[in-house]
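What follows is a set of notes on a single structure, which appears directly below.
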Amino acid sequence: MTAIYKKEVKGFLTSMIGYVFMAFLLVVTGIYFTYYNLSIGWPKFAYVLSCILFVFMIAVPVLTMRVLAEEQRQKTDQLLLTAPVSVTDIVMGKFLALATIYLIPMLIMALYPLILSQFGTIYFAETYTAMFGFFLMGCSFLAIGLFVSSVTESQVIAAVLTFLVLFVCYIIDGIASLIPDTAIASFFIVLALIVVAAALIYSLVKNVLLTGICFTAGVIAAVAVYVVNSTVYEGLIQEILGVFDLSDHFSNFYSGIFDITGVVYYLSVIGVFLYLTVETIQKRRWS
C-alpha cells in the first residue's frame with residue numbers, strides 16, 4: 001500500500017492535476033475570505049467553507065476522474081492487479097493519496113483564522129471544528145469519486161458522473177420536500193424501489209427464479225407492514241433520502257459542534273464506497 005500511495009502522490013505532484021485542484025480551491029477560498037472576513041469583517045471562517053462547498057464539488061471530479069479510469073483505458077491496471085499487493089491495498093493507497101492532496105490546501109486554509117485573529121477575537125475551537133468537518137465531508141466526496149472512476153474507462157464520464165452524484169446529494173433535501181410524506185405515497189414509492197432492486201438483482205445474477213423470489217418477498221413485506229401499521233410509511237421516503245444528504249451533517253460542524261454522529265456518518269460513507277470500489281475491481285479482475 002505504501003508503494004501505491006507514494007506513486008500516486010508523486011503522480012499528482014509531477015502533473016498539473018494536483019496543482020490545479022489545490023490552486024483552484026485556494027483561489028476560490030481566498031476570494032471569499034477576502035470579501036467576507038477581511039472586507040466585511042465577518043469573524044466566522046466557517047461561513048467561507050459553506051460558500052465554497054458547491055465549487056468544491058466541481059473540483060473533486062477533476063482530481064478523482066483519472067485515478068482508476070485512466071489506468072483502465074491504458075490497460076495499466078493489469079500491472080496493478082498482478083502486483084504482489086491486495087486490491088484493498090491498491091484502493092487504500094489511492095484514496096490516501098487523494099486525501100493527502102486534499103489535506104495540503106486544508107492546512108494552508110488553517111492559517112486563515114490566525115490572520116483573522118490579528119484583527120479581532122476568533123473562536124479557534126469553533127473554527128477548526130468546522131474545518132475538521134469540512135475535511136471529513138471532502139474525504140467522503142473523494143471516496144465517491146474514486147468509486148465512480150472505477151466503473152468507467154473514460155475520464156470525462158467519470159468526472160461528469162461524480163459531479164452528478166455529488167450534485168444530487170447536494171439538492172436531495174429539496175427533492176425530498178417535493179415528495180408527499182403521506183403513508184400511501186411512501187408505500188407506492190417503496191414498491192417502485194422494490195421493482196428497481198429486482199431489476200438490479202437480475203442484471204447481476206441473471207437468474208429469473210432468484211429475482212422472482214426477492215421481488216415477491218419484498219412486495220409481501222411491504223404490503224404486510226402497510227396493513228399492520230401504515231404510519232410507518234409516513235415521512236419514510238424523506239428519512240431515506242436524508243441519509244444521502246452529505247452536507248447535512250456538516251451543519252453541526254459549521255456551528256462549532258463536534259458531532260460524533262457526523263464523524264461516524266462520514267467515515268461510514270468513506271468505508272462503503274471504498275468497499276464498493278474494491279468489489280468493482282475484484283469483479284473485473286476475475287471476469
Side-chain angles (χ1 to χ4, degrees), residues 1 5 25 44-50 52-54 56-57 59-61 63-64 67 86-107 109-110 113 123-150 162-163 165-177 190 193 197 232 235-281:
M1 184 180 74
Y5 168 76
L25 193 58
K44 291 189 63 173
F45 182 71
Y47 187 72
V48 173
L49 296 177
S50 67
I52 68 171
L53 176 57
F54 186 80
F56 179 64
M57 288 167 46
V60 166
L63 184 64
T64 61
V67 178
S86 66
V87 175
T88 301
D89 288 339
I90 294 173
V91 172
M92 285 300 301
K94 288 180 176 292
F95 173 74
L96 291 177
L98 290 169
T100 299
I101 298 302
Y102 172 45
L103 181 61
I104 294 174
M106 288 298 298
L107 291 176
M109 287 184 216
Y123 298 100
F124 288 105
E126 177 182 329
T127 300
Y128 288 116
T129 296
M131 294 189 70
F132 177 71
F134 191 82
F135 177 74
L136 284 179
M137 181 174 62
C139 287
S140 66
F141 287 3
L142 294 174
I144 293 172
L146 182 63
F147 166 68
V148 175
S149 181
S150 71
T162 300
F163 174 74
V165 171
L166 296 179
F167 181 70
V168 170
C169 292
Y170 181 71
I171 64 172
I172 199 74
D173 186 57
I175 295 175
S177 65
V190 168
L193 292 176
V232 172
L236 177 64
I237 301 302
Q238 283 71 20
E239 293 180 8
I240 294 175
L241 292 179
V243 175
F244 300 95
D245 189 354
L246 295 176
S247 60
D248 179 57
H249 290 274
F250 175 65
S251 60
N252 286 332
F253 291 100
Y254 171 84
S255 301
I257 302 172
F258 190 85
D259 184 11
I260 298 298
T261 303
V263 174
V264 173
Y265 172 80
Y266 286 129
L267 292 179
S268 299
V269 171
I270 293 170
V272 167
F273 280 96
L274 290 183
Y275 171 77
L276 292 176
T277 304
V278 170
E279 291 301 309
T280 300
I281 296 175

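Note that this is a predicted model, so its numbers are computed, not measured.
In this structure a side-chain-to-backbone donor-acceptor pair under 3.5 Å is present from S268 to V264. With hydrogens and angles disregarded, no donor-acceptor distance shorter than 3.5 Å links the side chain of S251 to the backbone of S247.
Counting heavy atoms from C-beta outward, M109 and V48 have side chains that stay 4.5 Å or more apart. Under the 4.5 Å side-chain criterion, counting only non-hydrogen atoms from C-beta, D248 is not in contact with Y265. Side chains of L246 and I144 form a contact here, defined as non-hydrogen atoms less than 4.5 Å apart. Considering only heavy atoms from C-beta on, L49 stays 4.5 Å or farther from F253 through its side chain. Looking at L142 and V60, their side chains come closer than 4.5 Å, going by heavy atoms from C-beta outward. Counting heavy atoms from C-beta outward, D173 and L241 have side chains that stay 4.5 Å or more apart.
Taking each heavy atom of P61 and T162 in turn, the nearest pair found is CG-CG2, 3.9 Å. Scanning both residues, F250 and F134, for their nearest heavy atoms gives CE1-N, 3.6 Å. Shown here for P105 and L25, the closest heavy-atom pair between the two residues is CG-CD2, 3.9 Å. Heavy atoms only, all atoms of each residue included: S140 and V269 are closest at CB-CG1, 3.8 Å. In terms of heavy atoms, P113 sits closest to M131 at CG-SD, 4.5 Å. Heavy atoms only, all atoms of each residue included: L146 and T64 are closest at N-CB, 4.2 Å.
I171 contributes atom CD1, which lies 10.5 Å from atom CG of D245 (distance to the nearest 0.5 angstrom). A distance of 15.5 Å separates CD1 in I270 from CZ in F147, rounded to the nearest 0.5 Å. One distance of note links CZ of F141 with CG of L166; it measures 5.5 Å at 0.5 Å rounding. Between atom CG of residue L274 and atom OG of residue S150 there is a gap of 10.0 Å, rounded to the nearest 0.5 Å. Here T100 contributes atom OG1 and L107 contributes atom CG; the two are 10.0 Å apart, rounded to the nearest 0.5 Å. Distance CG/L276 to CD1/I281: 11.5 Å, rounded to 0.5 Å.
Annotation for Y128: atom OH counts as buried by contact number, over 12 foreign heavy atoms lying within 6.0 Å. Within 6.0 Å of atom CZ in F124, more than 12 heavy atoms from other residues, nucleotides or ligands are found, so the atom counts as buried in its surroundings.
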Task: From CA spacing to verdict: side chain to side chain contact (heavy atoms under 4.5 Å, CB included), L53, Y170 - done: CA-CA 9 Å; L53 176 57; Y170 181 71; 3.8 Å; yes
- [ ] Check the pair Y123 / K44 against side chain to side chain contact (heavy atoms under 4.5 Å, CB included), numbers first and verdict last.
- [x] CA-CA 8 Å; Y123 298 100; K44 291 189 63 173; over 6 Å; no
TODO: Could you go through the side chain to side chain contact (heavy atoms under 4.5 Å, CB included) check for V190 and I237 one step at a time?
DONE: CA-CA 8 Å; V190 168; I237 301 302; 4.2 Å; yes
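Checked against the 6.0 Å centroid threshold, Y102 and F56 count as a close aromatic pair.
Note: H249 and Y266 have perpendicular aromatic rings, judged against thresholds of 30 and 60 degrees for the angle between ring planes.
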